Amino acid sequence: MNILTVKDLNKTYSGQFAPAIKNITLAIKKGEIFGLVGESGSGKTTLLRIIAGLEDADSGSVRLLKESITGPSQNLVPGHTHIRLVHQNFNLQPNISIRQNILYSLKGYDLQYQLDRLDKMIDLCDLSALQHKLPRQLSGGEMQRVALARALADEPMLLLLDEPFSNVDIIRRQELKHEVSDIIRKSGTTAIFVTHDTTEALTLSDTIGVMRDGSLIQIGTPHHIYNHPATSYVARFFGNANIISIIKLQPYLRIKQQASLFNKQDVVCIRAESIQICQEAEADLTGKLKKVYYLGMYELWDVQIARNISLQLLHFQKTPPPEKLFLKIVWEQVHVFQ
Ligand SMILES: Nc1ncnc2c1ncn2[C@@H]1O[C@H](COP(=O)(O)OP(=O)(O)OP(=O)(O)O)[C@@H](O)[C@H]1O
(Lines give C-alpha, C1' and ligand atoms only; values in the text may rest on other atoms or scores of the structure.)
Protein backbone atom coordinates (compact mmCIF):
# COMPACT_ATOMS: atom_id res chain seq x y z
CA MET A 1 0.00 0.00 0.00
CA ASN A 2 1.38 3.43 -0.96
CA ILE A 3 1.39 5.91 1.93
CA LEU A 4 2.71 8.77 -0.20
CA THR A 5 2.08 9.50 -3.87
CA VAL A 6 3.78 12.42 -5.57
CA LYS A 7 2.80 13.23 -9.14
CA ASP A 8 4.33 15.66 -11.69
CA LEU A 9 5.54 18.09 -9.05
CA ASN A 10 7.14 21.35 -10.26
CA LYS A 11 8.46 24.39 -8.46
CA THR A 12 10.45 27.45 -9.51
CA TYR A 13 11.18 29.98 -6.75
CA SER A 14 10.19 33.54 -7.57
CA GLY A 15 13.07 35.47 -9.06
CA GLN A 16 14.82 32.24 -10.11
CA PHE A 17 15.18 31.15 -13.72
CA ALA A 18 15.89 27.44 -13.23
CA PRO A 19 13.24 25.24 -11.59
CA ALA A 20 14.16 23.91 -8.13
CA ILE A 21 12.28 20.69 -8.93
CA LYS A 22 11.00 19.34 -12.24
CA ASN A 23 8.27 16.75 -12.92
CA ILE A 24 8.86 14.71 -9.78
CA THR A 25 6.79 11.53 -9.55
CA LEU A 26 7.29 8.90 -6.86
CA ALA A 27 5.40 6.55 -4.56
CA ILE A 28 6.44 5.35 -1.10
CA LYS A 29 5.06 2.24 0.56
CA LYS A 30 4.04 1.86 4.19
CA GLY A 31 7.08 1.19 6.38
CA GLU A 32 9.56 2.03 3.62
CA ILE A 33 12.70 4.11 4.30
CA PHE A 34 13.38 6.27 1.26
CA GLY A 35 16.77 7.99 0.92
CA LEU A 36 16.76 11.11 -1.24
CA VAL A 37 20.30 11.87 -2.45
CA GLY A 38 21.80 14.50 -4.67
CA GLU A 39 24.41 17.21 -4.82
CA SER A 40 23.92 20.54 -3.10
CA GLY A 41 21.20 22.54 -4.87
CA SER A 42 19.67 19.52 -6.63
CA GLY A 43 16.25 20.19 -5.02
CA LYS A 44 16.11 17.68 -2.15
CA THR A 45 15.01 20.12 0.58
CA THR A 46 12.48 21.79 -1.71
CA LEU A 47 10.88 18.42 -2.47
CA LEU A 48 10.85 17.47 1.22
CA ARG A 49 9.24 20.79 2.21
CA ILE A 50 6.53 20.50 -0.45
CA ILE A 51 5.76 16.96 0.75
CA ALA A 52 5.56 18.32 4.33
CA GLY A 53 3.09 21.03 3.21
CA LEU A 54 5.58 23.77 4.13
CA GLU A 55 6.18 25.02 0.60
CA ASP A 56 3.79 25.59 -2.31
CA ALA A 57 4.32 23.71 -5.56
CA ASP A 58 3.60 25.42 -8.89
CA SER A 59 1.91 22.29 -10.24
CA GLY A 60 1.46 18.61 -9.49
CA SER A 61 0.07 16.79 -6.47
CA VAL A 62 1.11 15.22 -3.17
CA ARG A 63 -1.16 12.68 -1.50
CA LEU A 64 -0.87 11.08 1.90
CA LEU A 65 -3.01 7.98 1.40
CA LYS A 66 -6.04 9.64 -0.24
CA GLU A 67 -5.63 13.07 1.29
CA SER A 68 -4.20 15.89 -0.76
CA ILE A 69 -1.30 17.79 0.89
CA THR A 70 -1.33 21.47 0.06
CA GLY A 71 1.13 24.25 0.79
CA PRO A 72 1.02 27.29 3.11
CA SER A 73 -0.98 29.41 0.63
CA GLN A 74 -3.96 27.14 1.25
CA ASN A 75 -3.58 26.48 4.99
CA LEU A 76 -3.69 28.79 7.98
CA VAL A 77 -1.23 26.55 9.83
CA PRO A 78 1.35 25.19 7.38
CA GLY A 79 2.22 21.50 7.63
CA HIS A 80 0.16 18.40 8.27
CA THR A 81 -0.64 16.63 11.56
CA HIS A 82 0.36 13.20 10.23
CA ILE A 83 3.69 14.34 8.78
CA ARG A 84 6.67 15.22 10.99
CA LEU A 85 9.78 16.95 9.77
CA VAL A 86 12.96 16.59 11.84
CA HIS A 87 15.15 19.61 11.24
CA GLN A 88 18.95 19.67 11.02
CA ASN A 89 19.09 21.85 14.17
CA PHE A 90 16.65 19.60 16.10
CA ASN A 91 14.36 22.54 17.16
CA LEU A 92 14.14 21.43 20.82
CA GLN A 93 12.66 23.78 23.45
CA PRO A 94 15.78 24.99 25.33
CA ASN A 95 14.37 25.64 28.83
CA ILE A 96 12.41 22.47 29.49
CA SER A 97 13.59 18.93 30.17
CA ILE A 98 13.84 16.21 27.57
CA ARG A 99 10.78 14.55 29.08
CA GLN A 100 8.79 17.78 28.79
CA ASN A 101 10.07 18.27 25.25
CA ILE A 102 8.59 14.93 24.23
CA LEU A 103 5.34 15.64 26.12
CA TYR A 104 5.12 19.01 24.37
CA SER A 105 4.59 17.30 21.04
CA LEU A 106 1.76 15.22 22.59
CA LYS A 107 -0.24 18.16 23.95
CA GLY A 108 -3.94 18.06 23.15
CA TYR A 109 -4.10 14.26 23.37
CA ASP A 110 -5.80 12.24 26.11
CA LEU A 111 -3.55 12.19 29.25
CA GLN A 112 -3.26 8.39 29.32
CA TYR A 113 -2.18 8.35 25.65
CA GLN A 114 0.40 11.07 26.39
CA LEU A 115 1.94 9.09 29.26
CA ASP A 116 1.88 5.79 27.34
CA ARG A 117 3.56 7.31 24.33
CA LEU A 118 6.10 9.20 26.46
CA ASP A 119 7.18 5.92 28.10
CA LYS A 120 7.32 4.16 24.75
CA MET A 121 9.47 6.91 23.19
CA ILE A 122 11.86 7.03 26.17
CA ASP A 123 12.29 3.30 25.83
CA LEU A 124 12.51 3.21 22.01
CA CYS A 125 15.05 6.02 21.80
CA ASP A 126 17.01 4.94 24.90
CA LEU A 127 16.47 8.20 26.78
CA SER A 128 15.77 7.07 30.34
CA ALA A 129 19.11 8.37 31.66
CA LEU A 130 18.64 11.69 29.86
CA GLN A 131 14.97 12.43 30.41
CA HIS A 132 15.42 14.99 33.23
CA LYS A 133 18.25 16.90 31.54
CA LEU A 134 17.96 20.09 29.51
CA PRO A 135 18.73 20.05 25.76
CA ARG A 136 21.97 22.04 26.26
CA GLN A 137 23.30 19.26 28.51
CA LEU A 138 23.10 16.75 25.63
CA SER A 139 25.51 15.85 22.84
CA GLY A 140 24.48 16.23 19.18
CA GLY A 141 23.75 12.51 18.89
CA GLU A 142 21.63 12.50 22.04
CA MET A 143 19.69 15.53 20.81
CA GLN A 144 19.06 13.71 17.55
CA ARG A 145 17.50 10.81 19.50
CA VAL A 146 15.30 13.28 21.41
CA ALA A 147 14.25 15.01 18.18
CA LEU A 148 13.32 11.60 16.81
CA ALA A 149 11.37 10.68 19.97
CA ARG A 150 9.46 13.95 19.69
CA ALA A 151 8.73 13.43 16.01
CA LEU A 152 7.55 9.84 16.49
CA ALA A 153 5.59 10.50 19.71
CA ASP A 154 2.12 10.86 18.22
CA GLU A 155 2.62 8.10 15.64
CA PRO A 156 2.90 10.15 12.43
CA MET A 157 2.20 8.40 9.13
CA LEU A 158 5.27 9.93 7.55
CA LEU A 159 8.58 11.04 9.04
CA LEU A 160 10.80 13.42 7.09
CA LEU A 161 14.45 13.92 8.01
CA ASP A 162 16.59 16.61 6.40
CA GLU A 163 20.31 15.73 6.62
CA PRO A 164 19.71 14.06 10.01
CA PHE A 165 23.38 13.45 10.80
CA SER A 166 24.93 16.70 9.59
CA ASN A 167 25.21 18.23 13.09
CA VAL A 168 26.80 15.19 14.68
CA ASP A 169 30.57 14.78 14.80
CA ILE A 170 32.06 12.22 12.46
CA ILE A 171 33.12 9.72 15.17
CA ARG A 172 29.61 9.50 16.62
CA ARG A 173 27.84 9.67 13.23
CA GLN A 174 28.46 6.06 12.23
CA GLU A 175 26.94 4.70 15.43
CA LEU A 176 24.04 7.16 15.38
CA LYS A 177 23.08 6.24 11.80
CA HIS A 178 22.40 2.68 12.88
CA GLU A 179 20.59 3.75 16.04
CA VAL A 180 18.31 6.10 14.10
CA SER A 181 17.57 3.56 11.42
CA ASP A 182 16.81 0.91 14.11
CA ILE A 183 14.45 3.32 15.91
CA ILE A 184 12.58 4.14 12.68
CA ARG A 185 12.35 0.48 11.69
CA LYS A 186 11.16 -0.62 15.14
CA SER A 187 8.47 2.08 15.12
CA GLY A 188 7.34 0.88 11.66
CA THR A 189 7.13 4.50 10.46
CA THR A 190 7.44 5.36 6.78
CA ALA A 191 10.34 7.79 6.36
CA ILE A 192 12.10 9.95 3.80
CA PHE A 193 15.57 11.18 4.65
CA VAL A 194 17.62 13.65 2.68
CA THR A 195 21.35 13.22 2.42
CA HIS A 196 24.22 14.02 0.10
CA ASP A 197 26.18 11.11 1.54
CA THR A 198 25.85 8.14 -0.79
CA THR A 199 27.19 5.60 1.73
CA GLU A 200 24.52 6.72 4.17
CA ALA A 201 21.86 6.30 1.48
CA LEU A 202 23.13 2.84 0.47
CA THR A 203 23.29 1.63 4.08
CA LEU A 204 20.04 2.99 5.48
CA SER A 205 17.49 3.04 2.66
CA ASP A 206 15.08 0.46 1.28
CA THR A 207 14.76 2.67 -1.80
CA ILE A 208 16.95 5.48 -3.07
CA GLY A 209 15.91 8.40 -5.25
CA VAL A 210 18.75 10.27 -6.98
CA MET A 211 18.18 13.95 -7.74
CA ARG A 212 20.08 16.07 -10.22
CA ASP A 213 19.26 19.65 -11.24
CA GLY A 214 15.72 19.34 -9.89
CA SER A 215 14.90 16.02 -11.57
CA LEU A 216 14.62 12.59 -10.00
CA ILE A 217 16.92 10.73 -12.39
CA GLN A 218 16.72 7.23 -10.87
CA ILE A 219 14.71 5.39 -8.23
CA GLY A 220 15.63 1.88 -7.07
CA THR A 221 16.90 -0.34 -4.29
CA PRO A 222 20.45 0.41 -3.09
CA HIS A 223 21.62 -2.78 -4.82
CA HIS A 224 19.97 -1.80 -8.11
CA ILE A 225 21.23 1.78 -8.07
CA TYR A 226 24.81 0.64 -7.34
CA ASN A 227 24.91 -2.22 -9.83
CA HIS A 228 22.64 -0.84 -12.55
CA PRO A 229 23.08 2.93 -12.54
CA ALA A 230 20.86 4.67 -15.10
CA THR A 231 23.56 7.11 -16.18
CA SER A 232 27.30 7.60 -15.84
CA TYR A 233 26.51 10.42 -13.38
CA VAL A 234 24.71 7.99 -11.03
CA ALA A 235 27.50 5.42 -11.47
CA ARG A 236 30.18 7.94 -10.45
CA PHE A 237 28.06 9.41 -7.66
CA PHE A 238 27.88 5.99 -5.96
CA GLY A 239 31.54 4.98 -6.02
CA ASN A 240 34.58 4.46 -8.21
CA ALA A 241 33.38 3.68 -11.68
CA ASN A 242 35.30 3.23 -14.92
CA ILE A 243 33.00 4.45 -17.69
CA ILE A 244 34.28 3.35 -21.09
CA SER A 245 32.99 2.39 -24.55
CA ILE A 246 33.57 -1.16 -25.73
CA ILE A 247 34.91 0.12 -29.05
CA LYS A 248 37.67 1.98 -27.18
CA LEU A 249 38.54 -0.95 -24.90
CA GLN A 250 38.39 -3.74 -27.49
CA PRO A 251 41.81 -3.26 -29.16
CA TYR A 252 43.54 -3.80 -25.81
CA LEU A 253 41.66 -6.95 -24.76
CA ARG A 254 43.86 -10.03 -24.85
CA ILE A 255 40.88 -12.37 -25.22
CA LYS A 256 38.82 -10.74 -27.94
CA GLN A 257 35.72 -12.96 -27.43
CA GLN A 258 34.98 -11.11 -24.21
CA ALA A 259 34.05 -8.02 -26.19
CA SER A 260 31.62 -10.04 -28.31
CA LEU A 261 29.38 -10.23 -25.23
CA PHE A 262 28.64 -6.57 -25.93
CA ASN A 263 27.68 -4.38 -28.88
CA LYS A 264 30.53 -2.25 -30.17
CA GLN A 265 28.57 0.91 -29.43
CA ASP A 266 27.94 -0.07 -25.80
CA VAL A 267 29.18 2.20 -23.06
CA VAL A 268 29.84 0.23 -19.88
CA CYS A 269 30.45 0.84 -16.20
CA ILE A 270 33.21 -1.29 -14.70
CA ARG A 271 33.35 -0.78 -10.93
CA ALA A 272 36.86 -0.46 -9.50
CA GLU A 273 36.28 -3.62 -7.45
CA SER A 274 35.37 -5.55 -10.62
CA ILE A 275 38.95 -5.32 -11.88
CA GLN A 276 41.36 -7.78 -10.31
CA ILE A 277 45.10 -8.28 -10.51
CA CYS A 278 45.84 -11.78 -11.86
CA GLN A 279 48.40 -14.08 -13.50
CA GLU A 280 49.34 -13.45 -17.14
CA ALA A 281 47.43 -16.52 -18.40
CA GLU A 282 44.04 -15.27 -17.21
CA ALA A 283 44.49 -11.59 -17.98
CA ASP A 284 42.07 -9.52 -20.06
CA LEU A 285 44.32 -6.47 -20.07
CA THR A 286 47.83 -5.38 -19.23
CA GLY A 287 48.79 -2.04 -17.78
CA LYS A 288 51.23 0.06 -15.79
CA LEU A 289 50.60 1.63 -12.42
CA LYS A 290 50.26 5.38 -12.89
CA LYS A 291 49.11 6.65 -9.50
CA VAL A 292 48.27 5.30 -6.04
CA TYR A 293 45.65 6.93 -3.79
CA TYR A 294 46.07 5.76 -0.20
CA LEU A 295 42.66 5.23 1.46
CA GLY A 296 43.62 3.49 4.70
CA MET A 297 42.02 0.06 4.42
CA TYR A 298 42.87 -0.13 0.74
CA GLU A 299 44.45 1.77 -2.12
CA LEU A 300 42.89 3.07 -5.29
CA TRP A 301 45.22 2.34 -8.19
CA ASP A 302 45.12 4.28 -11.41
CA VAL A 303 46.41 1.89 -14.09
CA GLN A 304 47.37 3.02 -17.57
CA ILE A 305 46.20 0.57 -20.25
CA ALA A 306 47.00 2.71 -23.28
CA ARG A 307 47.96 6.33 -23.95
CA ASN A 308 44.35 7.50 -23.64
CA ILE A 309 42.90 4.77 -21.40
CA SER A 310 43.38 4.32 -17.70
CA LEU A 311 41.30 2.26 -15.30
CA GLN A 312 40.89 2.50 -11.55
CA LEU A 313 40.96 -0.58 -9.34
CA LEU A 314 40.98 -1.31 -5.62
CA HIS A 315 44.06 -2.91 -4.10
CA PHE A 316 43.86 -4.42 -0.63
CA GLN A 317 47.23 -6.11 -0.20
CA LYS A 318 50.24 -4.19 0.99
CA THR A 319 52.55 -5.69 -1.61
CA PRO A 320 54.66 -3.48 -3.90
CA PRO A 321 53.22 -3.24 -7.43
CA PRO A 322 54.94 -5.25 -10.17
CA GLU A 323 56.39 -3.47 -13.21
CA LYS A 324 53.68 -4.83 -15.49
CA LEU A 325 50.14 -5.41 -14.22
CA PHE A 326 47.90 -8.21 -15.50
CA LEU A 327 44.23 -7.40 -15.05
CA LYS A 328 41.11 -9.52 -15.13
CA ILE A 329 37.64 -7.99 -15.47
CA VAL A 330 34.73 -9.65 -13.65
CA TRP A 331 32.53 -9.48 -16.75
CA GLU A 332 29.31 -10.57 -14.96
CA GLN A 333 29.54 -7.38 -12.89
CA VAL A 334 29.95 -5.06 -15.86
CA HIS A 335 26.91 -2.84 -16.40
CA VAL A 336 25.85 -1.69 -19.87
CA PHE A 337 24.17 1.71 -20.05
CA GLN A 338 20.90 1.60 -22.00
N1 LIG B 1 13.83 30.16 -0.75
C2 LIG B 1 14.45 30.09 -1.92
N3 LIG B 1 14.42 31.10 -2.80
C4 LIG B 1 15.05 31.03 -3.99
N5 LIG B 1 15.72 29.94 -4.41
C6 LIG B 1 15.80 28.90 -3.58
C7 LIG B 1 15.18 28.90 -2.30
N8 LIG B 1 15.41 27.71 -1.69
C9 LIG B 1 16.15 26.99 -2.56
N10 LIG B 1 16.38 27.70 -3.69
C11 LIG B 1 17.12 27.23 -4.89
O12 LIG B 1 16.48 26.07 -5.36
C13 LIG B 1 17.43 25.08 -5.75
C14 LIG B 1 17.22 23.80 -4.95
O15 LIG B 1 17.52 24.06 -3.59
P16 LIG B 1 17.36 22.98 -2.43
O17 LIG B 1 17.67 23.65 -1.14
O18 LIG B 1 16.04 22.34 -2.58
O19 LIG B 1 18.50 21.95 -2.83
P20 LIG B 1 19.20 20.83 -1.92
O21 LIG B 1 19.47 19.68 -2.83
O22 LIG B 1 18.38 20.57 -0.71
O23 LIG B 1 20.55 21.55 -1.53
P24 LIG B 1 21.46 21.37 -0.18
O25 LIG B 1 21.95 19.94 -0.18
O26 LIG B 1 22.56 22.36 -0.38
O27 LIG B 1 20.57 21.69 0.99
C28 LIG B 1 18.80 25.71 -5.55
O29 LIG B 1 19.22 26.26 -6.77
C30 LIG B 1 18.55 26.80 -4.54
O31 LIG B 1 19.44 27.87 -4.69
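All ligand and atom numbering here is 1-based and tracks the order in the structure. Just so it is clear, the model here is predicted, and its values are computed rather than measured.
Here the options are Leu92, Leu130, Val146, Asn91, the test is side-chain contact (heavy atoms from CB on, under 4.5 Å), and the partner is Pro135; only Leu92 passes.
Using cut-offs of 30° and 60° for the angle between ring planes, the His80 and His82 rings count as tilted. Aromatic ring pairs are classed by plane angle as parallel below 30°, tilted from 30° to 60° and perpendicular above 60°; the pair His228 and His335 is perpendicular.
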Identify every side-chain donor-acceptor pair in residues 103-111 under 3.5 Å, counting partners at least two apart or on other chains, and give the distances.
unit_1	atom_1	unit_2	atom_2	d
Ser105	OG	Ile102	O	2.8
Ser105	OG	Arg150	O	3.2
Tyr109	OH	Asp154	OD2	2.9
Asp110	OD2	Gln112	N	3.2
Asp110	OD2	Tyr113	N	3.1

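For the pair Arg212 and Phe237, the cation-pi test (distance below 6.0 Å, angle within 45°) is failed.
One finds a salt bridge joining Arg185 and Asp206 here, because a Lys/Arg side-chain nitrogen approaches an Asp/Glu carboxylate oxygen to under 4.0 Å.
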Could you list, one pair per line, each nitrogen or oxygen of ligand 1 together with any protein nitrogen or oxygen closer than 3.5 Å, giving atom names and the distance rounded to 0.1 Å?
unit_1	atom_1	unit_2	atom_2	d
ligand 1	18 (O)	Thr46	N	3.0
ligand 1	18 (O)	Thr46	OG1	2.5
ligand 1	19 (O)	Gly43	N	3.2
ligand 1	21 (O)	Gly41	N	3.4
ligand 1	21 (O)	Ser42	N	3.1
ligand 1	21 (O)	Ser42	OG	3.3
ligand 1	21 (O)	Gly43	N	3.0
ligand 1	21 (O)	Lys44	N	3.1
ligand 1	21 (O)	Lys44	NZ	2.8
ligand 1	22 (O)	Thr45	N	2.9
ligand 1	22 (O)	Thr45	OG1	2.8
ligand 1	23 (O)	Gly41	N	2.8
ligand 1	25 (O)	Lys44	NZ	2.8
ligand 1	26 (O)	Ser40	OG	2.5

